[in-house]
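This report refers to the structure that appears directly beneath it.
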Amino acid sequence: MQFATLSAGEVPGVPTLDELRALKPLQQPEWPDQEALEHVIGQLRTLPPLVFAGECDDLTTKIGAVARGEAFLLQGGDCAETFDGVTAENIRAKLRVLLQMSVVLQYAASVPVVKVGRIAGQYAKPRSSGDETRNGVTLPSYRGDAVNGLDFTPESRIPDPQRLRGVYNAAAATLNLTRAFTTGGYADLHQVHAWNTDFVKSSPVGQRYEQLAGEIERALAFMRACGATADEFKTVDFYASHEALILEYEHALTRIDSRTELPYDVSGHLLWVGERTRQLDGAHIEFLSTLSNPLGVKIGPTTTPEYIRALIDKLNPKGIEGRLTFITRMGAGKIRAGLPPLLEAVRDHGSPVAWVCDPMHGNTYETPNGYKTRNFDDVIDEVQGFFDAHEQVGTWPGGMHIELTGDDVTECLGGGEELVAEDLVNRYETACDPRLNRHQSLELAFLVAERLRGARA
């Protein structure tokens with residue numbers, strides 16, 4: 001598959017950067033050196049694609065199955081990736097926990113699990129304030145390694161466009177290793193289940209999950225007895241996604257696919273627009289509407305049925321299955337009342353949409369000792385509310401979108417380990433928002449598996 005090399009920032013069918021800038025896009029860095037920025041953009045336009053259009057089309061097909069209730073989507077990874085985090089151990093740990101979760105969910109739902117990482121591009125973050133003050137000193141907020149540094153110094157916090165080239169390099173390295181893991185035997189189904197068996201044996205709440213783990217073990221033993229050793233049990237399809245936040249980077253990596261003559265943003269397979277930048281007349285929605293990638297939109301508690309119908313008309317006017325995913329982030333206390341009217345509006349609209357629950361972003365708060373955190377019980381409650389709403393309306397709860405890590409961090413409270421606020425100081429390592437650790441992520445998968453069985457029935 002070949003992509004056309006374009007000059008002067010022109011991509012047929014896609015607004016130019018100047019046209020997007022004229023729409024006054026929100027949450028963009030204030031780059032101090034415009035000449036350096038344009039130089040980096042020019043470099044990025046000449047680089048090879050990070051993903052391929054055919055892979056994006058394959059993911060669209062798989063998400064189409066999610067929209068029909070014939071598959072479940074698991075999307076997860078870091079809140080904000082860092083350049084220092086691009087190591088074999090970090091990438092392997094994240095992939096491992098996602099594979100472990102997917103085995104449990106797939107068995108429970110009896111449908112394929114579409115595996116998508118918040119990976120290889122999640123280097124930029126929107127912020128509620130452009131500035132941060134500590135001890136009377138005010139500096140620009142940290143906006144992710146794509147923009148500036150985490151260290152609270154004037155030098156570190158200056159937006160540096162050279163970091164956009166760093167994003168490309170880090171994403172390329174991450175995708176290269178991820179592909180090696182998922183096709184080189186690391187994703188073998190029997191091995192992944194053995195990891196889950198270890199979790200059940202060692203978890204403080206593992207007894208609750210022994211029955212399901214035993215069922216999976218018997219199913220695998222049956223397949224071994226039948227001589228079932230297909231390659232499908234040893235490899236998996238794994239896709240990359242991130243929030244398409246920094247328009248200079250995303251636009252520079254947009255290419256025309258020679259097969260179809262259609263534009264694709266080859267920085268990732270699935271791109272989403274966040275709650276802060278999803279204005280119907282805004283630059284981000286305008287840009288994404290012209291792409292052929294599968295798209296996601298974060299949906300919060302203020303979303304109205306009228307808005308969501310207009311969003312469908314803007315992003316998926318042709319009604320393509322798998323084109324559009326709504327990622328709900330409402331908070332445990334609001335989802336049961338707020339989601340059903342939106343589900344009904346989309347159902348009555350008739351356009352195919354996949355629904356995915358993000359139970360993380362609506363449940364964030366600060367502890368008395370100054371740590372931003374989330375409570376595992378709130379995360380579970382929002383997922384349960386997501387299933388409740390779909391059960392009420394008669395639609396399919398299509399997936400989960402989780403901020404997680406494969407490490408034993410202490411960033412979210414509760415779970416089988418019963419983490420409390422005083423534990424946060426031990427291993428609070430996130431660059432932005434708190435993530436579920438390995439044990440909490442797997443516990444979430446087993447709990448959701450119980451609910452998935454009912455949904456399938």
Side-chain angles (χ1 to χ4, degrees), residues 58-59 62 65-66 69-77 91-117 177-239 383 387 396-400 402 404-406 408 415-416 436-457:
D58 289 343
L59 180 56
K62 288 180 169 66
V66 174
E70 299 170 4
F72 190 81
L73 189 147
L74 176 63
Q75 186 175 12
I91 295 167
R92 180 169 55 240
K94 280 185 286 190
L95 179 62
R96 172 172 167 163
V97 75
L98 285 168
L99 293 174
Q100 288 181 257
M101 294 174 74
S102 69
V103 167
V104 175
L105 295 169
Q106 186 157 312
Y107 181 83
S110 297
V111 296
V113 170
V114 183
K115 292 164 277 292
V116 180
L177 193 56
T178 300
R179 286 172 173 137
F181 280 137
T182 55
T183 59
Y186 188 74
D188 183 275
L189 179 60
H190 299 83
Q191 175 175 259
V192 174
H193 174 64
W195 296 334
N196 279 341
T197 302
D198 290 341
F199 162 73
V200 170
K201 290 178 179 177
S202 62
S203 170
V205 291
Q207 287 185 343
R208 177 172 181 177
Y209 314 126
E210 281 182 340
Q211 179 179 348
L212 180 56
E215 291 178 24
I216 299 174
E217 175 57 39
R218 288 189 290 275
L220 291 175
F222 176 77
M223 288 192 291
R224 285 194 295 267
C226 293
T229 58
D231 288 341
E232 287 80 3
F233 298 148
K234 300 177 182 178
T235 64
V236 297
D237 293 328
F238 189 82
Y239 300 93
V383 175
F387 277 84
W396 171 240
M400 291 193 302
I402 308 294
L404 56 78
T405 174
D408 294 326
L436 298 183
N437 64 28
R438 177 170 56 98
H439 293 280
Q440 292 166 331
S441 299
L442 294 174
E443 186 175 355
L444 174 64
F446 275 96
L447 289 169
V448 172
E450 295 173 356
R451 191 64 190 264
L452 264 176
R453 283 185 155 180
R456 288 306 300 165

- [ ] Flag the pair M101 / L442 as yes when at least one side-chain heavy-atom distance between them is below 4.5 Å, and no otherwise.
- [x] yes
Task: Contact check, side chains of Q191 and Y186, non-hydrogen atoms, under 4.5 Å - done: yes
Task: Side-chain heavy atoms of H193 within contact of L189, under 4.5 Å - done: no
- [ ] Would you mind reporting whether W195 and V97 have side-chain heavy atoms less than 4.5 Å apart?
- [x] no
TODO: Start with the C-alpha distance between R208 and L447, add both sets of side-chain angles, then the distance that settles side chain to side chain contact (heavy atoms under 4.5 Å, CB included), and finish with yes or no.
DONE: CA-CA 9 Å; R208 177 172 181 177; L447 289 169; 3.2 Å; yes
Open item on the list: Please give me the minimum heavy-atom distance between L212 and A449, naming the atom from each residue.
Closed with: CD2-CB, 3.7 Å
Task: Member of E217, K201, Q100 meeting the side chain to side chain donor-acceptor pair (under 3.5 Å) criterion with N196 - done: Q100
TODO: Search all heavy atoms of A187 against all heavy atoms of T182 and return the closest pair with its distance.
DONE: CB-O, 4.2 Å
Open item on the list: Taking G416's backbone N and O only, do any of them form a donor-acceptor pair with E443's side chain (distance below 3.5 Å, no angle check)?
Closed with: yes
Open item on the list: Measuring only between side-chain heavy atoms, which start at C-beta, is K62 closer than 4.5 Å to V116?
Closed with: no
TODO: Ignoring hydrogens and angles, tell me if any N or O in the side chain of W396 forms a donor-acceptor pair with the backbone of F72 under 3.5 Å.
DONE: no
TODO: Might you work through the side chain to side chain contact (heavy atoms under 4.5 Å, CB included) test for M400 and V448, ending with a clear yes or no?
DONE: CA-CA 9 Å; M400 291 193 302; V448 172; 3.5 Å; yes
TODO: Give, for atom CG of L99 and atom NZ of K115, the distance between the pair rounded to the nearest 0.5 Å.
DONE: 7.5 Å
Task: Non-hydrogen side-chain atoms of E70 and V111 separated by less than 4.5 Å - done: no
- [ ] Please report the C-alpha distance between I402 and L444 in whole Å, then the side-chain angles of each, then the deciding distance to 0.1 Å, and finally whether the side chain to side chain contact (heavy atoms under 4.5 Å, CB included) criterion is met.
- [x] CA-CA 10 Å; I402 308 294; L444 174 64; 3.6 Å; yes
- [ ] Of all the heavy-atom pairs spanning L452 and A109, show the shortest one and how long it is.
- [x] CD1-CB, 3.8 Å
- [ ] Grab the two heavy atoms, one from S441 and one from L404, that are nearest each other, plus how far apart they are.
- [x] OG-CB, 3.4 Å
Open item on the list: Could you check whether any side-chain heavy atom of F199 comes within less than 4.5 Å of a side-chain heavy atom of F446, counting everything from C-beta outward?
Closed with: yes
TODO: For residues A71 and V114, report the shortest heavy-atom separation together with the two atoms involved.
DONE: CB-CG2, 4.3 Å
- [ ] Kindly say whether N437 contributes a backbone atom to a donor-acceptor pair with the side chain of Q440 at under 3.5 angstrom?
- [x] yes
- [ ] Kindly indicate whether the side chain of Y209, heavy atoms from C-beta on, has any atom under 4.5 Å from the side chain of E450.
- [x] yes
TODO: Write down the atom of A219, the atom of Y107, and the distance for their closest heavy-atom approach.
DONE: CB-CE1, 4.0 Å
